Amino acid sequence: MTDPVTAPRSSQDPYDIFIIGGGINGCGVARDAAGRGLSVALAEMNDLASATSSASTKLFHGGLRYLEYFEINLVRHALEERETLLKAMPHIAWPMRFVLPYHKDMRFEGGTPASRILNIVMPWTRGRRPAWLIRFGLFLYDNLGGRKILPGAKTIALSGTAEGAPLQPQFEKAFEYSDCWVEDSRLVVLNARDAQDRGATIMVRTKVISAARTGDLWQVMTRDNQTGETRVHHARILINAGGPWVGDIIQGTVRVNSTEGVRLVRGSHIVTRKLYDHDKCYFFQGTDGRIIFAIPYETDFTLIGTTDADHPDPNVKPECTPDEQDYLLNFANGYFKQQLTSDDVVWTYSGVRPLYDDGASSAAAATRDYTLKVEARGGAPILNIFGGKITTYRKLAQDTMDKLAPVLPGLKPHWTAEVPLPGGDFPVGDVDRLIARLLADHPFLDPKWARRLIRAYGTQAWHMLDGAPDKAALGQDFGSNLTQAEVRWLMTREYARTAEDVLWRRSKLGLRLSPDQAKRLDEWMRNA
Ligand SMILES: Cc1cc2nc3c(=O)[nH]c(=O)nc-3n(C[C@H](O)[C@H](O)[C@H](O)COP(=O)(O)OP(=O)(O)OC[C@H]3O[C@@H](n4cnc5c(N)ncnc54)[C@H](O)[C@@H]3O)c2cc1C
């Protein structure tokens, strides 16, 4: 099955912008640029979001811990973005409360600027992170970034409460604050879809194998990974959004000089069956000064992560190592009453952060902010993207366009703030109302199924169901109400090609389907 809209146009016709990489940064830039009327092409060598952008902790957050590194600008911009993004995608993103249990022996991450200062002015704290400092951090967190929708921080008692119930009794009090959840891989796909709806050409399973300047243009050669077909495209500007491969693309694909480097830092997560019965997340501080989250996940599961480990080669597939798994289990066992073992782990995933190499001593200390470098000495410009967070992708895209404005005369102004992504054209907090409407219009759905569809597709759930009067009209059920109609939608509208794309990135139904069901889906998709 092919999507005619994604077919590349004539190779003689130069694009304004050619983007390498279909992670969140590439797709975010494609959407922003296409919405300003520019002609845009994007090539992704695997599936959209197949690398880092499906392996995050999935938070739109300011990053409370970065305050201790005095990364005030990063935290402020990220905090400001939370509500802007929430309004544009109230289906795939939602507010979350975070419970930070307090214990007097909690320690700083080794050598953060805040801990160094505290060691000088209050040496008796000996590396401990005092309660007043956390309260001050949360005060900043509440007030740095123009919060209107999200409730503020407060102190809560844990004894005898739902929040305290799964925790060991030594945790008697906690701080509670707000951040947001986002379905990271759906965010990427919806940006790509919106970019395409605004005129961009999105090519998946298409690797950029070389790019060279020919006068004022880039000549970009791509190879279709499925057919082996190569194609030449021309573009005025090249954007390298290769994430972990940003350095490889500079050195090997484009062969331009650059002094900038990338530091690849692996982060792994484990998923267990649901560990507690409320909808808040936990923010745990460890004896090593690091922090991890435990987050309600996909209704029946708990997500725990993450780690920080250097991962020098982007071509080595990141995987949660046994050591990382043990580390996360031990960390969580310091808090939960239920003692977890490797038998409780139902799934793991791992991704590589493509951080800007700022020469930091440890992986945890390397900056999470992004750096955009334009290089135009040899003729047509290239812009390389280093670092960034899911949370700052929209701002990164906007800043990318600002950086390119001198070479794009007449560039239209910023436009993406709060403009809904496909299916997100409804008010924040209206999900339950939408679910009730979908159930009323399609009485054969059950509430769990309707919730999944609204959370995935928002107002587009109606288009996906296309007026089906009963379940039979949606075709076969591959398991967990994943029907033929939905898979067809994902193939024609969301670039899915394989069962893995559907089960682990367009949805997380991989947690529910058996290997046999997944195989049946894969076979059906191959022949569709
Ligand atoms: C463990 C972990 C937890 C995180 N948690 C959070 C969080 O909670 N909140 C948050 O805001 N951020 C978080 N982040 C950061 C965030 O996930 C990343 O900054 C972001 O996903 C990077 O996106 P990207 O588009 O730059 O890279 P990627 O998503 O890796 O995309 C780059 C793409 O380029 C493609 N590519 C490379 N070379 C070529 C080529 N030659 N031709 C065609 N395509 C090519 C790759 O296949 C890849 O898909 C986390 C990161 C990790 C690793």
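For the single chain, residues carry numbers from 1 onward in sequence order. Here the structure is a predicted model, which means the values were calculated and not measured.
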Task: Geometric class of the Phe139/Phe136 ring pair [parallel <30°, tilted 30-60°, perpendicular >60°] - done: parallel

Task: Residue among Phe336, Phe171, Phe331 satisfying ring pair (Phe, Tyr, Trp, His ring centres under 6.0 Å) with Phe284 - done: Phe336

Open item on the list: Has Glu83 got a side-chain atom pairing as donor or acceptor with Ile149's backbone, closer than 3.5 angstrom?
Closed with: yes

Open item on the list: Between Arg394 and Asp32 (salt bridge meaning N to carboxylate O under 4.0 Å), is one present in this structure?
Closed with: no

- [ ] In plain terms, say whether Glu81 and Lys395 are close enough for a salt bridge, that is, a side-chain N and a carboxylate O under 4.0 Å apart.
- [x] no

Open item on the list: Taking the ring of Tyr177 and the ring of Tyr141, is the distance between their centroids below 6.0 Å?
Closed with: yes

Task: OH-CE distance between Tyr457 and Met464, expressed to the nearest 0.5 angstrom - done: 5.0 Å

- [ ] Answer yes or no: is there an ion pair linking Arg97 with Asp179, defined by an N-O contact shorter than 4.0 Å?
- [x] no

Task: Residues Lys508, Glu298: salt bridge by 4.0 Å N-O rule - done: no

Task: Exam field: side chain Thr307 to backbone Glu324, donor-acceptor pair closer than 3.5 Å - done: no

Open item on the list: Between Thr306 (side chain only) and Ser268 (backbone N and O only), is there a donor and an acceptor less than 3.5 Å apart?
Closed with: yes

Open item on the list: Among Arg368, Arg263, Glu260, which residue satisfies the side-chain hydrogen bond (donor to acceptor under 3.5 Å, both in side chains) criterion with Tyr356?
Closed with: Glu260

Open item on the list: Donor-acceptor pair, distance only, cut-off 3.5 Å: does the side chain of Thr302 make one with the backbone of Leu275?
Closed with: yes

Task: Tyr282 ring center near Phe98 ring center (under 6.0 Å) - done: no

Open item on the list: So, taking the atom named CG in Asp16 and the one named CG in Leu404, what distance separates them when rounded to the nearest 0.5 Å?
Closed with: 10.5 Å

Task: Stepwise side chain to side chain contact (heavy atoms under 4.5 Å, CB included) test for Leu328 and Thr348 - done: CA-CA 11 Å; Leu328 292 172; Thr348 66; over 6 Å; no

- [ ] Count the heavy atoms of every other residue, nucleotide or ligand shown that sit under 6.0 Å from NZ of Lys274, and state whether that count exceeds 12.
- [x] yes

- [ ] Using atom types as modelled and distance alone, determine if a side-chain donor or acceptor of Tyr102 lies under 3.5 Å from a backbone N or O of Ala131.
- [x] yes

- [ ] Step by step, work out the side chain to side chain contact (heavy atoms under 4.5 Å, CB included) result for Thr367 and Leu355.
- [x] CA-CA 7 Å; Thr367 182; Leu355 304 180; over 6 Å; no

- [ ] Could you tell me the separation between the CG atom of Asp194 and the CD atom of Gln196, rounded to the nearest 0.5 Å?
- [x] 10.5 Å

Open item on the list: Salt bridge or not between Arg266 and Asp310? Use side-chain N to carboxylate O under 4.0 Å.
Closed with: no

Task: Donor-acceptor under 3.5 Å (Tyr276 side chain, Lys280 main chain) - done: yes

TODO: Give me the ring orientation class for Phe293 and Phe283: parallel if the planes are under 30° apart, tilted from 30 to 60°, perpendicular past 60°.
DONE: perpendicular

Open item on the list: Less than 4.5 Å apart, side chain to side chain, heavy atoms only: is that true for Trp94 and Arg455?
Closed with: yes

Open item on the list: Please report the interatomic distance NZ(Lys373) to CG(Leu383), rounded to the nearest 0.5 Å.
Closed with: 10.5 Å

Open item on the list: Closer than 3.5 angstrom, by distance alone: can the side chain of Arg193 be matched with the main-chain N or O of Arg493 as a donor-acceptor pair?
Closed with: yes

Open item on the list: Tell me whether His91 contacts the main-chain N or O of Pro422 through its side chain, where contact means a donor paired with an acceptor under 3.5 Å.
Closed with: yes

Task: Side-chain donor or acceptor of Asp184 paired with backbone N/O of Ser56 under 3.5 Å - done: yes

Task: N/O donor-acceptor pair under 3.5 Å between Ser39 side chain and Tyr15 backbone - done: no

Open item on the list: Given the ring of Trp489, does Arg506 sit roughly above its face, with NZ or CZ under 6.0 Å from the centre of the six-membered ring and within 45° of the axis?
Closed with: no

TODO: Indicate yes or no: does Glu486 engage Arg452 in a salt bridge with an N to O separation below 4.0 Å.
DONE: yes

